[in-house]
There are 2 protein chains.
Amino acid sequence: MQSRTPASRTGRPRSAAADAAILAATRQALVELGWSRLTLGDVATRAGVAKTTLYRRWAGKHELVVDAVAELFDELELPDRGSLAADIEGVVLQFAAILDRPEARSGLMAVVAESTRDDALRERIRASIVERQMRLVLLGRARAQRRGELPPEPDPAESARTGDLIFDMVAGAVVHRTLVSGKPADEEWVRSFTRVLLTGLTSP
Amino acid sequence: MQSRTPASRTGRPRSAAADAAILAATRQALVELGWSRLTLGDVATRAGVAKTTLYRRWAGKHELVVDAVAELFDELELPDRGSLAADIEGVVLQFAAILDRPEARSGLMAVVAESTRDDALRERIRASIVERQMRLVLLGRARAQRRGELPPEPDPAESARTGDLIFDMVAGAVVHRTLVSGKPADEEWVRSFTRVLLTGLTSP
DNA sequence: GCATTACGCTACGGGTCGTAGCGAAAGCTC
DNA sequence: GAGCTTTCGCTACGACCCGTAGCGTAATGC
């Protein structure tokens, strides 16, 4: 999770409790201060650790916030709700609920902005946040194909392109709705969105 | 454009050339330094003005970057390409081209992130950036309804909801594709996206 | 000429950054 | 337990940027 796992056998091990305390303190600071006013010294004080300890584990503010926000997406699940439409609506509502939390709102866009000039940071975001949501897309599609709601795609390249497209449309629309337009992704909106997306995907 | 227009008649007028120089210097600094390393002192030096002059016009980094990025969206147009699909593909490609420029990539997401905790900043973004794109959506839809490609919507409330949905889906997907997934919104992707969106909107 | 406002310049206190250095603590191996 | 290794807390530090105050000068309208 942190910068690197030294895999060293000897010596005093790093405190796992400190990790959890730092990440929790980071989220709390994001809620109270937002991204721009958040300082690493403040986070260290909140977590009850020394500032130097924090710098020994994370290279900077960006990496720390990515890890702190990534844990929020652990709760995303895709239970079988019987139909593809219900599955999509369910996961979109979950996603919207996460984006409704201030620690996610203020932190997520900031690290994405910074990742446009930092390839390592982009990869970190991709691995710890985006990848987790992408699995849900693939799972939902496979389930829908098993139900017969979506046609099977024999070409793996074409299948990957479709998966990317669905992912960008779902995640992009929800993020834009909640963070840019500033309106809630409530059930009514999610139903309309799902209807348009699903019709577009299933009609020849 | 700047913080406020005093509409004063007497005294030395503000230099319009300084405004242009400051905004151009801001975009140049965004390209070379990105959002986080950009400092107002550096922008003032690049623009050839005193730092105090910059602070007299803009309240801070956020507002300055919003105005600097907003000018990039002035070039967005929606010429009549004959069909709704062609119109959408054209404007999406224009939008993607803007997001491909580093001064837009690094600045836009950063101010959006900050706007989650600053209502005034959100309104500034909405008025100077989002509103401009929204007009294109409304224009394109009206044109399509005139062509008979989209059904007329008598209910203004329902019509507004549909417009918001289209806007969030288009802008959200393009932004997510280019800035989060980190893949190009090229012609092939735009064609697939437009096909899904348009099929979803036109099928009953 | 006179009032008024904008401008350039300098200087300043305050805050944050990221690092260095130290002694103490907590593990592992023997 | 002895000894080794790594982490931890703490303090201190130079460097940078922030945002503002103060002053003299420049540019406009009356």
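Residue numbering restarts at 1 for every chain, and letters A, B, ... go by the order of the sequence lines.
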Of the candidate nucleotides D/dG19, C/dG18, D/dT6, which contains the atom at the shortest distance from the side chain of B/Y55? D/dG19

Please confirm whether the shortest side-chain N or O distance from A/T10 to OP1 or OP2 of D/dT6 is below 4.0 Å. no

Tell me: [atom1] of [X] to [atom2] of [N], nearest whole Å?
X	N	atom1	atom2	result
B/R14	C/dG8	CZ	P	12 Å
B/D42	D/dC17	CG	C1'	11 Å
B/L54	C/dA6	CG	C1'	14 Å
B/R37	D/dC18	CZ	P	14 Å
A/D19	D/dT7	CG	P	12 Å
A/L38	C/dG15	CG	C1'	15 Å
A/K51	C/dT16	NZ	P	10 Å
A/W58	C/dC17	CH2	P	16 Å

State whether the distance check finds a donor on one side and an acceptor on the other, under 3.5 Å, for side chain B/R12 versus base D/dT28. no

Mark yes or no for a side-chain to base donor-acceptor pair under 3.5 Å between A/R56 and C/dG18, with no hydrogen or angle criteria applied. no

The residue, B/K61 or A/G48, whose nearest nucleotide of DNA chain D is more 5′ is A/G48

Of B/P13 and B/T39, whose nearest nucleotide on DNA chain D comes first from the 5' end? B/T39

For B/T52, which contact category applies under a 4.0 Å heavy-atom criterion: base, sugar-phosphate, or nothing? base

Only one of A/L30, A/L23, A/T26 passes side-chain contact (heavy atoms from CB on, under 4.5 Å) with A/V69; say which it is. A/L30

Would you find more than 12 non-hydrogen atoms of other residues, nucleotides or ligands less than 6.0 Å from A/E187 atom CD? no

Consider only side-chain N and O atoms of A/E32 and A/Q28, and report whether a donor and an acceptor are under 3.5 Å apart. yes

Could you check if a side-chain atom of B/V175 sits within less than 4.5 angstrom of a side-chain atom of B/F95, using non-hydrogen atoms only? yes

What I want to find out is whether A/R101 reaches A/E75 closely enough, with some N-O distance under 4.0 Å, to be called a salt bridge. yes

